[in-house]
Amino acid sequence: MHQELVFFNTPRYKLILSFSIGLFLYLFLIAFLPFGVNNYNPNHTYTFEFLYEIGQYIPITILTSLINEFGIKPLFKGRLSYTFIIGWTIWSLIFLGLIMFVTYNYQGDWHDWKLSSVFGFVADVSKVLIFPIVGTFFYFRYKALQEKYDAFLTNIDSSIDDKRMIHFTGQGTNDKISMMVADFIYAKAQDNYIELHYLKNGQNSRFLIRSSLAGLHDSLDYGFLVRCHRSFMVNLYNVSSIKGGRNDLRITMSHADEMIPVSKTYVDDTLEGLKKYKRFQ
């Protein structure tokens, strides 16, 4: 799942999107007078009656968007990708355009109630509504990417068995070492070798094995061992704090001086693992 898109299904996003669509449409209608709302009168003047009539589009558009967001979107729960968002946006434009077409004809005594008019009307409305929809989306996405973390972490009780043994095996004959979960801190790629950082008799120690980090990570079927960078794999049990945003997140490990970087490629998996095994304070 794209963690930077989680906002897409939040009530706050749905509410702000719906109200943005309604208000933007109203301002656009009274500013540019499209779709013949002024009956093509070159001497049109703004009157209270006119503003009130056009204002009826606000609650109708907002209500339609709320029904779409809170009533229809939950039917597709769990689908959160850029492809889905593009498809959902197209559907939303069509749905809103159709409701507006009905409203427009109702106000105009059904003067344009023809199938041949539907497609052009929906296309014109879509060209307008795409602006608040895209604008709201990218605003929330920008805020999600700028989200900053600065928290101390503790282990969730019983989430990780700290007495469990981890067996590391490399390509060399002597590239074997085993240790308890509580003792392993992190692994760092060094050319064709992996430098394992762990505790031995309470002291920080290192052990080199010949292997690629990708190969080592794949051979260890432990959810709490997370690859956070092309050069680092960390033991979430020993993560003590995190700091920074999605673009510059850094991890502090217990019993280690080095701050571990989290790259954009692995930030989603890293944060997901932290939220599963750690308690934020």
Side-chain angles (χ1 to χ4, degrees), residues 1-10 12-13 78 80-82 138-164 166 168 179-190 194-200 202-207 212-281:
M1 179 185 292
H2 296 274
Q3 292 295 320
E4 75 274 15
L5 299 178
V6 171
F7 69 83
F8 193 70
N9 288 325
T10 61
R12 182 170 179 268
Y13 173 78
L80 195 59
S81 65
Y82 286 102
F138 279 103
Y139 171 77
F140 271 81
R141 183 177 179 274
Y142 170 78
K143 297 296 289 184
L145 291 173
Q146 295 301 311
E147 183 179 10
K148 296 293 184 179
Y149 294 88
D150 189 358
F152 291 100
L153 308 177
T154 57
N155 290 310
I156 297 176
D157 296 339
S158 303
S159 63
I160 302 176
D161 181 5
D162 61 340
K163 298 296 192 292
R164 186 177 182 177
I166 306 176
F168 296 95
M179 64 192 72
M180 291 193 302
V181 169
D183 291 333
F184 176 59
I185 306 173
Y186 68 94
K188 181 178 182 179
Q190 299 276 23
I194 302 297
E195 188 177 72
L196 301 176
H197 291 249
Y198 66 102
L199 292 177
K200 183 177 181 181
Q203 299 296 318
N204 196 322
S205 301
R206 302 179 185 183
F207 186 84
S212 67
L213 190 59
L216 181 65
H217 179 259
D218 291 342
S219 69
L220 299 168
D221 189 20
Y222 303 106
F224 52 85
L225 298 183
V226 174
R227 191 175 181 187
C228 63
H229 188 276
R230 63 185 180 87
S231 299
F232 290 94
M233 177 180 70
V234 297
N235 179 7
L236 296 181
Y237 179 85
N238 280 316
V239 173
S240 60
S241 67
I242 59 173
K243 188 171 185 178
R246 296 180 61 87
N247 295 325
D248 61 349
L249 192 64
R250 301 179 304 280
I251 291 175
T252 300
M253 308 296 299
S254 301
H255 317 293
D257 297 328
E258 183 176 15
M259 293 195 73
I260 311 298
V262 179
S263 65
K264 296 179 183 178
T265 303
Y266 300 102
V267 68
D268 286 342
D269 290 340
T270 303
L271 289 173
E272 185 176 343
L274 288 169
K275 291 174 182 178
K276 178 180 180 180
Y277 292 106
K278 309 294 287 191
R279 183 179 294 107
F280 287 65
Q281 296 182 338

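Quick note: numbers below take in every heavy atom, side chains included, and nothing from hydrogens, waters or symmetry partners. Fair warning: this is a prediction, and the values are worked out from it, not measured in the lab.
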- Between atom CG of Leu274 and atom CD1 of Ile242, what is the distance when rounded to the nearest 0.5 Å? 5.5 Å
- In Å, rounded to the nearest 0.5 Å, how long is the span from CG of Asn235 to CE of Met179? 10.0 Å
- Message: Could you report the tightest heavy-atom contact between Leu5 and Leu80, atom names first, then the distance?
- Response: O-CD2, 3.4 Å
- Give the minimum heavy-atom separation between Arg246 and Lys264, together with the two atoms involved. O-CG, 4.5 Å
- Message: Test of understanding: with side-chain hydrogen bond (donor to acceptor under 3.5 Å, both in side chains), list the residues that count as partners of Asp162, not counting sequence neighbours.
- Response: Tyr237
- Note on the structure: The salt bridge (charged side-chain N to carboxylate O under 4.0 Å, His left out) partners of Arg250 (sequence neighbours excluded) come to none
- Sub-6.0 Å ring centroid separation between Phe168 and Phe184: yes
- Message: When you compare the side chain of Met233 with that of Leu213, does any pair of heavy atoms fall below 4.5 Å?
- Response: yes
- Task: If the plane angle is over 60° it's perpendicular, under 30° parallel, otherwise tilted; pick one for Phe8 and Tyr13.
- Result: tilted
- Query: Parallel under 30°, tilted from 30 to 60°, perpendicular over 60°: which one fits the rings of His229 and Phe232?
  - Reply: perpendicular
- Query: What are the two closest non-hydrogen atoms of Pro261 and Cys228, and how far apart are they?
  - Reply: O-SG, 3.5 Å
- Message: Is there a side-chain contact between Arg230 and Thr265 in this structure, where contact means two heavy atoms from C-beta onward sitting under 4.5 Å apart?
- Response: no
- Atom CZ in Phe207, atom CG in Leu196: separation rounded to 0.5 Å? 7.5 Å
- Message: Counting only heavy atoms not in Tyr139 (residues, nucleotides, ligands), do more than 12 fall under 6.0 Å from its OH?
- Response: no
- Is His255 reaching over with its side chain to a backbone N or O of Gly202, donor-acceptor style, under 3.5 angstrom? no
- Between Phe224 and Ile166, is any pair of side-chain heavy atoms under 4.5 Å apart? yes
- Query: Checking Ser240 side chain against Thr252 main chain: does a donor-acceptor pair fall under 3.5 Å?
  - Reply: yes
- Determine whether Val239 and Leu236 make a side-chain contact, defined as any pair of heavy atoms from C-beta on separated by less than 4.5 Å. yes
- Note on the structure: Minimal heavy-atom distance between Ala182 and Leu199, with the atoms involved, is O-CD1, 4.4 Å
- Message: Treating Asp248 as the side-chain partner and Gly245 as the backbone partner, does any N or O pair qualify as donor plus acceptor under 3.5 Å?
- Response: yes
- Query: Are Glu272 and Val226 close enough that some pair of their side-chain heavy atoms sits under 4.5 Å apart?
  - Reply: no
- Of all residues at least two apart in sequence or in a different chain, which pass the side-chain hydrogen bond (donor to acceptor under 3.5 Å, both in side chains) check with Glu258? Tyr186, Lys188
- Task: Search all heavy atoms of Arg12 against all heavy atoms of Phe140 and return the closest pair with its distance.
- Result: NH1-CE2, 3.3 Å
- Tyr222 versus Arg164: any side-chain heavy-atom pair under 4.5 Å? yes
- Query: What do you reckon, is CG of Asp257 surrounded by more than 12 foreign heavy atoms closer than 6.0 Å?
  - Reply: no
- Can you tell me how far the CG atom of Leu153 sits from the NZ atom of Lys275, to the nearest 0.5 Å? 11.5 Å
- Message: With rounding to the nearest 0.5 angstrom, report the OG to CZ distance, Ser263 to Arg227.
- Response: 8.5 Å
- Message: Quick one, Ile251 and Thr270 - any side-chain contact, counting heavy atoms below 4.5 Å?
- Response: yes
- Task: Could you pull out the closest heavy-atom pair between Ile194 and Ser212, with the gap in Å?
- Result: CD1-C, 3.8 Å
- Item | Value rounded to 0.5 Å, distance of CE in Met259 from CG in Leu249 | 9.0 Å
